[in-house]
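Notes to accompany the following structure.
Just the heavy atoms: all of them, side chains too, but no hydrogens, waters or symmetry mates, feed the values below. Numbered from 1 within each chain, the chains take letters A, B, ... in sequence-line order.
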Amino acid sequence: MESVDTNFRQRVEALVAQIPQGRVMTYGQLAALAGSAYAARIVGGIAHFGDPDLPWQRVVNKQGGLASGYPGGRDGHKQVLEAEGVSVSDDYYVSVSELLWWPPGDEPAQQGLL
DNA sequence: CGAGTGACCGCAA
DNA sequence: ATTGCGGCCACTC
């Protein structure tokens, strides 16, 4: 409906902005919810040139590892996540299985269904 | 307007 | 198990 310009970027930003504190989402997830499961790279691109007010720090890769290119490097990224309440491993890895969050209504199979 | 790149993911050997 | 390569879409210069 209505305008659909760059709905991808708007969608990703909307999802990231909805990520609750202490939770993390994967790029592939955001990409899939945005409309393209193969556009995970674009999500990263938007993250770098998107709105700096969005909690991109809560966005990690499928491995649960922190991404590069973040202002301050993984060091700053790790500290920010820990400040949010996310436990980051010494290797800059987070428990995706524990902190992975899905938007309400779009969850294909929550962890409870495991 | 055209080309290149990217904070990724999945599969193949 | 590990390593290497390709692919898709959007954004920037």
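Residues forming a side chain to side chain contact (heavy atoms under 4.5 Å, CB included) with A:Pro20 (at least two apart in sequence, or on another chain): A:Arg23, A:Trp101. By the ring pair (Phe, Tyr, Trp, His ring centres under 6.0 Å) test, A:Tyr70 pairs with A:His77, sequence neighbours left out. Residues forming a side chain to side chain contact (heavy atoms under 4.5 Å, CB included) with A:Tyr38 (at least two apart in sequence, or on another chain): none.
Distance CD/A:Gln29 to CG/A:Asp106: 10.0 Å, rounded to 0.5 Å. Note that the CG atom of A:Asp90 and the NZ atom of A:Lys78 stand 6.0 Å from one another [nearest 0.5 Å]. Here the CD-CD distance, from A:Gln57 to A:Glu82, works out to 13.0 Å after rounding to the nearest 0.5 Å.
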Going 5' to 3' through nucleotides 2-9 of chain B, assign each nucleotide B (protein heavy atom under 4.0 Å from a base atom), S (under 4.0 Å only from sugar-phosphate atoms) or - (no protein heavy atom that close).
-> ----BBBS
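Residues from residues 81-96 of chain A that place a heavy atom under 4.0 Å from any atom of DNA chain B: there are none.
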Which pairs of donor and acceptor atoms, one on a side chain in residues 45-56 of chain A, lie under 3.5 Å apart (sequence neighbours left out)?
| from | atom 1 | to | atom 2 | distance (Å) |
| --- | --- | --- | --- | --- |
| A:Trp56 | NE1 | A:Asp51 | O | 2.9 |

